[in-house]
Amino acid sequence: QVQLVESGGGLVQPGGSLRLSCAASGKIVVINNMAWYRQPPGKQRELVAAITRGGTTNYANSVKGRFTISRDNAKNTVYLQMNSLKLEDTAVYYCKVEGLGWSNGPTDFGSWGQGTRVTVSS
């Protein structure tokens, strides 16, 4: 079982910054892909940014140039630096981690964090 703990959400004014963190723990052999999704109020969950183990990243068009995803493989942690925040960035942000765990042998896993709320408001 792999658990994810997110932190860093909160209330920020337009133009401000926040940094989200998501730490994975448990019987982990290797983490491959890590990503951040978000679910705005009344809308579906959408991909914000993703990063491979090797560091290749991709971003939603709406956040390119403002958000940066990064990871620390030694700490099994993924980060999302969010700058120049806009009202439309308001959402619950979820991390997702995929990799290989251990449960009576190597086992693929995909886990979601519990979500952290980001509110952009003046």
Side-chain angles (χ1 to χ4, degrees):
Q1 190 79 5
V2 176
Q3 297 83 35
L4 304 181
V5 177
E6 301 177 18
S7 61
L11 174 64
V12 63
Q13 292 185 339
S17 298
L18 283 175
R19 188 191 194 211
L20 306 183
S21 299
C22 173
S25 63
K27 296 182 178 180
I28 298 170
V29 175
V30 66
I31 292 177
N32 295 318
N33 300 319
M34 308 181 89
W36 288 95
Y37 288 73
R38 67 185 181 187
Q39 187 164 14
K43 297 184 179 180
Q44 292 187 332
R45 193 173 298 189
E46 60 185 11
L47 176 67
V48 175
I51 185 168
T52 67
R53 182 167 181 81
T56 300
T57 59
N58 71 284
Y59 296 91
N61 287 334
S62 59
V63 307
K64 282 181 181 178
R66 301 188 297 121
F67 291 11
T68 302
I69 189 171
S70 60
R71 62 189 285 171
D72 184 333
N73 290 332
K75 295 181 179 180
N76 289 335
T77 299
V78 61
Y79 306 97
L80 185 68
Q81 178 66 45
M82 304 185 294
N83 298 330
S84 302
L85 283 160
K86 302 177 180 180
L87 297 176
E88 53 264 39
D89 295 318
T90 295
V92 178
Y93 285 71
Y94 299 89
C95 63
K96 182 180 180 183
V97 173
E98 298 174 333
L100 191 66
W102 189 269
S103 177
N104 295 321
T107 305
D108 290 330
F109 75 87
S111 297
W112 288 91
Q114 81 281 4
T116 186
R117 186 174 301 276
V118 172
T119 302
V120 184
S121 175
S122 56

Joint cluster assignment, V2 & V30, ILVMFWY side-chain distance < 4.5 Å: no
Results of side-chain hydrogen bond (donor to acceptor under 3.5 Å, both in side chains) for S7 - residues two or more places apart only: none
Within 6.0 Å of CD in E88, more than 12 heavy atoms from elsewhere: yes
V97 and N76: CA distance, side-chain angles, deciding distance, side chain to side chain contact (heavy atoms under 4.5 Å, CB included) verdict: CA-CA 9 Å; V97 173; N76 289 335; over 6 Å; no
Check: G105 main-chain N/O paired with T107 side-chain donor or acceptor under 3.5 Å: yes
Student check: side-chain heavy atoms of R38 and S62 closer than 4.5 Å: yes
Y93 and F67 aromatic ring geometry - parallel, tilted or perpendicular at 30°/60° bounds: tilted
From OG (S70) to CZ (R19), nearest 0.5 Å: 6.0 Å
V118 with L4, same ILVMFWY side-chain cluster at under 4.5 Å: yes
Salt bridge (Lys or Arg N to Asp or Glu O under 4.0 Å) partners of residues 97-118, not counting sequence neighbours, each pair once: K96-E98
same_hphob_cluster(V63, M34) at 4.5 Å side-chain heavy-atom cutoff: yes
Counterpart residues, side-chain hydrogen bond (donor to acceptor under 3.5 Å, both in side chains), relative to Q81 (two or more places apart): N83
Closest heavy-atom pair and its distance - S21, Y79: OG-CD2, 3.3 Å
Worked verdict on S122 versus Q13 for side chain to side chain contact (heavy atoms under 4.5 Å, CB included): CA-CA 5 Å; S122 56; Q13 292 185 339; 5.5 Å; no
Atom of A35, atom of L47 and distance for their closest heavy-atom approach: CB-CD1, 4.0 Å
Least distance between heavy atoms, S121 atom then L87 atom: CA-CD2, 4.1 Å
Interatomic distance, I28 atom CD1 to Q1 atom CD [nearest 0.5 angstrom]: 11.0 Å
Contacts of type side-chain hydrogen bond (donor to acceptor under 3.5 Å, both in side chains), residue N32, not counting sequence neighbours: none
Heavy-atom closest pair, residues A91 and P41: CA-CD, 4.5 Å
Hydrophobic cluster identity match, W36 and F109, side-chain contacts under 4.5 Å: yes
Residues in salt bridge (Lys or Arg N to Asp or Glu O under 4.0 Å) contact with R66, at least two apart in sequence or another chain: D89
Nearest heavy atoms of I69 and Y59, plus distance in Å: N-OH, 2.9 Å
From CD (Q44) to CD (Q39), nearest 0.5 Å: 8.0 Å
Within one Ile-Leu-Val-Met-Phe-Trp-Tyr cluster: L11 and M82, side-chain cutoff 4.5 Å: no
Acceptor/donor pairs from residues 48-58 side chains to any protein atom, 3.5 angstrom cut, sequence neighbours excluded:
{"from": "T52", "atom 1": "OG1", "to": "G54", "atom 2": "N", "distance (Å)": "3.4"}
{"from": "T52", "atom 1": "OG1", "to": "G55", "atom 2": "N", "distance (Å)": "3.3"}
{"from": "T52", "atom 1": "OG1", "to": "T56", "atom 2": "N", "distance (Å)": "3.0"}
{"from": "R53", "atom 1": "NH1", "to": "I31", "atom 2": "O", "distance (Å)": "3.3"}

Check: V120 main-chain N/O paired with T90 side-chain donor or acceptor under 3.5 Å: yes
C95 versus V78, closest heavy-atom pair with distance: CB-CG1, 4.4 Å
